[in-house]
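As the structure lists them, so they are numbered: ligands from 1, and atoms in each ligand from 1.
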Amino acid sequence: MHSFNPLVKVFDNDESAAAASMTLSNRQKFKQVSPPASLYDRLERLGFDQLRRTKRFKKLKQKQYEKAKKDEKYEQRQKSDVHYKLPHLTFYAGAKAASSFPADTLLEVGFVGRSNVGKSSLLNALAETTIVRTSDKPGLTQQLNFYSAGSKFMLVDMPGYGFAHAEEEERESWLELIDTYINERKALKRIYVVIDGRHGLKVADLEFLKELDKKRVKFQVVLTKCDLVVLPTLARRLMVVENDIRSYRHAVRDVLAVSSKSQAGINQMRKEMLSLTGHLHPAKDKPSRDKEHE
Ligand SMILES: Nc1nc2c(ncn2[C@@H]2O[C@H](COP(=O)(O)OP(=O)(O)OP(=O)(O)O)[C@@H](O)[C@H]2O)c(=O)[nH]1
Ligand SMILES: [Mg+2]
């Protein structure tokens, strides 16, 4: 007698079956991981202390967690927090075709990811600005947009991949443009692959990561919209995604967790970007009134 395989019954193509099997195994992986108290401590320091704890979490972890908080080192780390600032962001160029890419004179960091995950919002949060257009509807960014950070380096916002509602032709042309940019751009220092923290890596993401790895482009995964999950889910998500990308040779091992809405994790990401581009000059935190000015 044949054993029942729900994947064969429900899905009639390989990609859907792969998606389903990944979802199932992700769920299993999720149940299995047990984040250590030090991870909760790290997330709290990043600013995720406002996230809701579940009752189960409180029961399991609260003692360990409170102990970590009382730790002397934790107090010192809290006190040494500084506010990092990106140089003032201005729109530099937009490109619908490779022929319109500006000359690559400055180092660049690119932001890619599925539509609507929050790439453009992340640029705004990092640079403490609102100049990058965002929308609650997927597919707003339709070209490569180059933003100059105080003539020091560039942030490059890209259209989303895996956007189901765009015309097939349009989607293909966006992918081609992203592909050409990644293949040819000498100034490209790093790609940030932005993932929705509620969902983790999808099939389209894994395919994209595989391509990046083949191209030998250094990339780092960033979980965003992390304000929309509870703290134990975020901790687990981080562990699962970090495990999922272990086999990619060109992936940065640490996965970043951020929220453009609550600002959690944003300061840490700024610090890493400044360090990456050779412009890390920490300045003591200033009153918020001054933060709007360079
Ligand atoms: N709660 C929450 N919402 C967010 C966050 N980041 C972005 N959003 C919302 O998500 C929606 C999409 O944001 P965008 O920044 O336009 O997304 P995108 O990835 O640039 O989208 P495309 O340009 O279409 O590829 C907007 O409604 C944002 O307000 C976040 O960290 N938390
Ligand atoms: Mg966008």
Backbone N/O of [Y] and side chain of [X]: donor-acceptor pair under 3.5 Å:
X	Y	result
Arg114	Tyr161	no
Ser100	Lys96	no
Arg198	Leu228	no
Asp213	Arg249	yes
Asn145	Asp157	no

Based purely on interatomic distance, does [X] place a nitrogen or oxygen under 3.5 Å from a nitrogen or oxygen of ligand 1?
X	answer
Val117	yes
Leu140	yes
Gly118	yes

Identity and separation of the nearest protein heavy atom to [atom]:
atom	result
atom 15 (O) of ligand 1	Ser121 OG, 2.5 Å
atom 1 (N) of ligand 1	Asp227 OD2, 2.9 Å
atom 21 (O) of ligand 1	Asn116 N, 3.0 Å
atom 8 (N) of ligand 1	Lys225 CE, 3.7 Å
atom 27 (O) of ligand 1	Asp136 CA, 3.2 Å
atom 31 (O) of ligand 1	Ser260 N, 2.8 Å
atom 11 (C) of ligand 1	Ser135 O, 3.3 Å
atom 24 (O) of ligand 1	Gly139 N, 2.6 Å

Mind listing the closest non-hydrogen atom pair of Asn116 and Lys225 along with its distance?
->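 It is O-NZ, 2.8 Å.
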Without hydrogens or angle criteria, can the side chains of Thr134 and Ser120 be said to hold a donor-acceptor pair below 3.5 Å?
->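 No donor-acceptor contact under 3.5 Å links the two side chains.
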Within the 4.0 Å heavy-atom shell around [X], which atoms of ligand 1 are there?
X	answer
Gly160	25 (O)
Ser120	15 (O), 20 (O)
Ser259	31 (O)
Pro138	24 (O)
Thr141	23 (O)
Thr224	31 (O)
Thr134	15 (O), 16 (O)
Lys261	1 (N), 30 (C), 31 (O), 32 (N)

From the options Gln142, Lys119, Lys137, Arg198, select the one whose nearest heavy atom is closest to atom 18 (P) of ligand 1.
->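 Ranked by closest heavy atom to atom 18 (P) of ligand 1, first place is Lys119.
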Contacts of type ring-ring contact (aromatic ring centres under 6.0 Å, His included), residue Phe91, not counting sequence neighbours |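 Partners of Phe91 by the ring-ring contact (aromatic ring centres under 6.0 Å, His included) criterion, ordered by chain and then number, come out as Tyr147.
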Could you tell me whether Leu228 approaches ligand 1 through its side chain, its backbone, both or neither, with non-hydrogen atoms closer than 4.0 Å?
->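 Within the 4.0 Å criterion, Leu228 contacts ligand 1 through side-chain atoms alone.
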Ion pair check, [X] and [Y], cut-off under 4.0 Å:
X	Y	result
Arg185	Glu108	yes
Lys29	Asp244	yes
Lys214	Glu211	yes

Residue Lys215 excluded, over 12 heavy atoms near NZ under 6.0 Å |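 Yes, enclosed.
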Report yes or no: does Ser135 have an N/O/S atom closer than 2.8 Å to the Mg ion (ligand 2)?
->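 No, Ser135 does not qualify, because none of its backbone or side-chain N, O or S atoms lies under 2.8 Å.
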Report yes or no: does Thr141 have an N/O/S atom closer than 2.8 Å to the Mg ion (ligand 2)?
->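 An N, O or S atom of Thr141 is closer than 2.8 Å to the Mg ion (ligand 2), so yes.
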contact_flag Gly113 ligand 1 heavy-atom lt 4.0 Å =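 No, Gly113 has no heavy atoms under 4.0 Å from ligand 1.
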Tyr181 vs Phe146 aromatic rings, parallel, tilted or perpendicular, using cut-offs 30° and 60°?
->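 Because their plane-to-plane angle is over 60°, the rings of Tyr181 and Phe146 count as perpendicular.
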Side chains of Val82 and Tyr84 in contact at under 4.5 Å (non-hydrogen atoms) =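 Heavy-atom side-chain distance check passes, below 4.5 Å.
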